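The next block holds one structure in the form of C-alpha cells; read it before the comments.
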2 protein chains.
Amino acid sequence: MATIHDVAALAGVSTSSVSNVLNGRTEKLSAETFSRVEEAIRSLAFRPNRVARQLKTGHTPILGLLVPSTANPMYGQLALNIEAAAQTRFDYRLLLGNTHRDKQQEARMFDDLLSFGVRAVIVVSSLDDERHLEEAVARGLAVVSYDRGAGSDAHSRVDHVSPDNYQAGYLAADHLIAHGHRRLAFLVPGGKTVSRGEKIAGFRDRISRDGGRYSGHVVQGQVSQAFGDSELADLGFAMASQVAEMRPMPTGVVTVNDMLAIGLMSGLNGLGLRVPEDVSIVGMDGLPIAAFVNPGLTSVAMPLADMASAMVERAIERSTQPDLPPADFLFQPALIARQSVAAPARAKKPRSQRTAP
Amino acid sequence: MATIHDVAALAGVSTSSVSNVLNGRTEKLSAETFSRVEEAIRSLAFRPNRVARQLKTGHTPILGLLVPSTANPMYGQLALNIEAAAQTRFDYRLLLGNTHRDKQQEARMFDDLLSFGVRAVIVVSSLDDERHLEEAVARGLAVVSYDRGAGSDAHSRVDHVSPDNYQAGYLAADHLIAHGHRRLAFLVPGGKTVSRGEKIAGFRDRISRDGGRYSGHVVQGQVSQAFGDSELADLGFAMASQVAEMRPMPTGVVTVNDMLAIGLMSGLNGLGLRVPEDVSIVGMDGLPIAAFVNPGLTSVAMPLADMASAMVERAIERSTQPDLPPADFLFQPALIARQSVAAPARAKKPRSQRTAP
DNA sequence: ATGAAAGCGCTAACAT
DNA sequence: ATGTTAGCGCTTTCAT
C-alpha cells in the first residue's frame, strides 16, 4: 500500500502538499503542482489510509445502526433505507448491530462504536427508558432514537425520529369502525415499548370517541415460548388462539406490526376462522410483503424512506454540532386498504336479529 | 476520553506497562503492578482507542458484509446470522453494504473497506464473473463468496460457501414430480447468476431423468419495469401472467427464491388461478415467513446459520492467514413440504379423459 | 520487571 | 506556494 510519502517522493513535493491535494485545497497549491500530485496519486493507485486520518482528525465517516433484528423485514428495510441515505448523501458507511432489544447488547455496541471513533448512531431501542442512550451521548455519541415519538424526557440530549404512532393506532381503529366493526382488539407482544403504548392510546381514543359504542381490548402475547423480533410471525400465529377464545370474539383486530398480523392471519386460518369474513385484520408498518399475503393485509404504512433520511441527516449533523438543541421529528402514517378488512358478517343483518348464529 | 498516558500516570508506570496489561501479558509484569494498572484503568473508565491500535497493528475487528438488499428477508436473515457469529465467536463487528448486485457498488465498498483497514469481507455477489473479487484479494482483502457453489475458476483465491443449488433444483422438481406433476416450470428474474444456473441444472436433470416424460421450461422475468432484489415479490406478481399464458400451462412451478414465489402466488390468485388446485408452487430459501403465507409455501430451505458460521470463520481465518489454500464449502438444502403443492387436478381423472375443461 | 523511544499514515499549524 | 514538524494513541523493540 502506497502512502502519502510515496506520493510526495514521486511528485517531488512535500507530504503536506499531497495532503492539501487530497483535501482539495486548490488555493494552497499552484495548478501545476496540483496536477503533478494528482498524477502521482493516480499512477500509484494511492488511497489515503482513513485510519491514520481518523487518528489525526477524530472523525470517521461511519454511522452506527442498532436494530432489534434484521430478520424482521421492517428493520431490513430500514437498514436499506438508512444505508442508502448515508451512502449517497454523506458518503458514510454503516456499522450494523442486532440488539434483540437487549440493553446489554446496546451498551456493548456503544462501547465499540466509541472505541472505533464512531460519533453518530441511530438506535431502534424502544426499551422503556432511555437512560443508557443519554449515557452514550454523555460519552460523545450523537444518538438518534427511532420510534419513540415526541414528549420523552424533558431535557433529553437524544434526537427522536418517529412515525406518529398515536395517529397510526387511531387510523387503524377508525378504519375498522368505518367498516362497521364494534368489537375490536389490539394485539401486542409481551414486552412494553413506547411506540406500542402510543399506538394503543390512539386506538383507544378512537374506540371511545363515539360514546362507548365500541369495545377495544388489548391482547398481550401470553405464550410459554419466548418470541423475539425475529419470530413475530410465530408469535402472531400462536396468539390466534388467544383471539379465538375471546368472548365475545372481536370482529376486527389491529396488530402492532405487520409480521404479527401475518402470523395471526395464518393462525386464524388454521383454527378455521376466515379473514376477513370472520375477522378483519389491520397491521402496521406497511411492509411491501403485506401486499402479497392472502388476503392482502391492510396496514398503516410508515414513511420509511423519509424517516431514514431524516435520521441520517440528523445523526451526522449532530455529530459535528453536539450543541444543537435536541429535536423531535414526527412523520405521518397512512393507511393502505387491502382485502383483510371487510364489514363484519353480523352487520349484514338488522340489529334486532341478535340471535346466536 | 482517557488515554493510555493518563492511566500510566495514575498508576505510576510507563505506557508500555499499561499496554502490556491491556494485552494480557501477565508474564511481563509483577502481579502487583498488574493489578495497580487494572485499578487505574477501572477508575478512569479507560477504553483503548482502537483506531490508534489499528494504525499500529494493521488489524481491526471488523468484517465487511455485502448483500444485494437487506429488504429481501433472506439477506436480512443472513445479516443477522452473520452478525451473531462474528460477534459471539470472534468479537467482530459488521460493516454492511447493500450492493443491488451492482459491480460499481461492490468495488466502491471494497475500496472503502480497504481504506478502513478491514481485511475480511463476505460477499453475496452472484454476478457472472468474479474478477473484481480476485482484484480485491490482490489488494489485501480476504474474500468469502456466498452462493456461487464449487467449481468456479480453477486458481481462484476466493473462498466459497454455498448451498448445493443443483441439489435444491433437483429436490424441488422431484417433489413436484412425486406429486404427479408432469409439466413444470422454473421461474427466474431477468439477470444471470451462478446460483440460478445451478438450480436450473438440477431442476432440468430431474426433469429429464425418467426418459422425457416431463417437461420443464425456464421462464425469465420479462416485464417492462426493472425489479431488483428489494422487489422480488412484485416481480413474481408480474410474472404470474407469464405463467398463466403458457400453453400448455405448467401445473407445477419452482421459483428461484421464496419472495418470487410469494409474489407469484399472489399474482396467480389475482388471475383466478388457485394454489395448489390449479398450480403447485415450490420456493427456495426456506424463509420463516413462507410458513405463514396462504397457502403455506413449500420451500427448499438452506441451512443459513451453518453457512453464516462457516463464512465468518473462514473470512476471519483467512484474513490472518492469507496463504490458506482457497476452499469450497457446500451445504445441503432440505425441502420443507407445506400446502402450496398438491397433486395436479388432471391427475385425479383417468388419462383418457383429456378433453377441454 | 520496567521504561524510553520510535513510528504506524496522516493533518495542520507554523515557518519560509 | 511549498516545506518542516509535531503530534493523534497505541504497540513494540530495545535498553536498563
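Per chain, numbering begins at 1; letters A, B, ... match sequence-line order. Please read these numbers as outputs of a predicted model, since none were measured by experiment.
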Please list all pairs passing the salt bridge (Lys or Arg N to Asp or Glu O under 4.0 Å) test where one or both residues lie in residues 304-313 of chain B, with sequence neighbours left out.
B:R89-B:E313
Go through the steps for A:T70 and B:T70 under the test side-chain hydrogen bond (donor to acceptor under 3.5 Å, both in side chains), then give the verdict.
CA-CA 8 Å; A:T70 50; B:T70 49; over 6 Å; no
Salt bridge (charged side-chain N to carboxylate O under 4.0 Å, His left out) assessment of A:R42 paired with A:E39
CA-CA 5 Å; A:R42 208 172 307 119; A:E39 177 51 32; 2.7 Å; yes
Side chains of A:L63 and A:V121: does their closest heavy-atom pair fall under 4.5 Å?
no
What are the 5'-most and 3'-most nucleotides of DNA chain C lying under 4.0 Å from any heavy atom of chain A?
C:dG9 to C:dA12
Any residue meeting side chain to side chain contact (heavy atoms under 4.5 Å, CB included) with A:T99, in chain and number order, not counting sequence neighbours
A:L66, A:Q105, A:E106
Roughly how many Å is it from NE2 in B:H59 to P in D:dT12, rounded to a whole number?
10 Å
Starting from the C-alpha separation in whole Å, work towards a yes-or-no answer on salt bridge (charged side-chain N to carboxylate O under 4.0 Å, His left out) for B:R36 and B:E32.
CA-CA 6 Å; B:R36 190 149 38 87; B:E32 194 273 326; 3.3 Å; yes
Expected output is a numbered-order residue list: members of residues 49-58 of chain B with a heavy atom under 4.0 Å from any atom of DNA chain C. What is it?
B:L55, B:K56
Taking only residues two or more places apart in sequence or in another chain, which ones pass side-chain hydrogen bond (donor to acceptor under 3.5 Å, both in side chains) with A:D91?
B:R108
Which residues satisfy the side chain to side chain contact (heavy atoms under 4.5 Å, CB included) test with B:I41, sequence neighbours excluded?
B:V7, B:V21, B:L22, B:V37, B:F46
With sequence neighbours excluded, what pairs up with A:Q77 under the side chain to side chain contact (heavy atoms under 4.5 Å, CB included) test?
A:N81, A:P288, A:L304, B:A71
Neighbour count >12 (heavy atoms, 6.0 Å) for atom CD, A:Q104
no
Grab the CZ-P distance between B:R25 and D:dC10 for me, whole Å please.
14 Å
For B:T57, enumerate each residue passing the side chain to side chain contact (heavy atoms under 4.5 Å, CB included) test, keeping only those at least two apart in sequence or located in another chain.
B:R53, B:H59
Tell me every residue that passes side-chain hydrogen bond (donor to acceptor under 3.5 Å, both in side chains) with A:S115, counting only those two or more places apart in sequence or in another chain.
B:R50
Considering every strand and a 4.0 Å limit on heavy-atom distances, what is the contact class for A:T3: base, sugar-phosphate, or nothing?
sugar-phosphate
Can you give me the N/O atom pairs linking the protein to nucleotides 1-4 of chain D at distances under 3.5 Å, or say none if there are none?
residue	atom	partner	partner atom	Å
D:dT2	OP1	A:S30	OG	3.4
D:dT2	OP1	A:T33	OG1	2.6
D:dT2	OP2	A:S30	N	2.7
D:dT2	OP2	A:S30	OG	3.1
D:dT2	OP2	A:T33	OG1	2.8
D:dG3	OP2	A:S14	N	2.7
D:dG3	OP2	A:S14	OG	3.2
D:dG3	OP2	A:S17	OG	3.3
D:dG3	N7	A:S16	OG	3.0
D:dT4	O4	A:S16	OG	3.2

Could I get the full list of side-chain hydrogen bond (donor to acceptor under 3.5 Å, both in side chains) partners for A:E27, not counting sequence neighbours?
none
List DNA chain D stems (3 or more consecutive Watson-Crick/G-U pairs, under 3.5 Å)?
C:1-16 with D:1-16
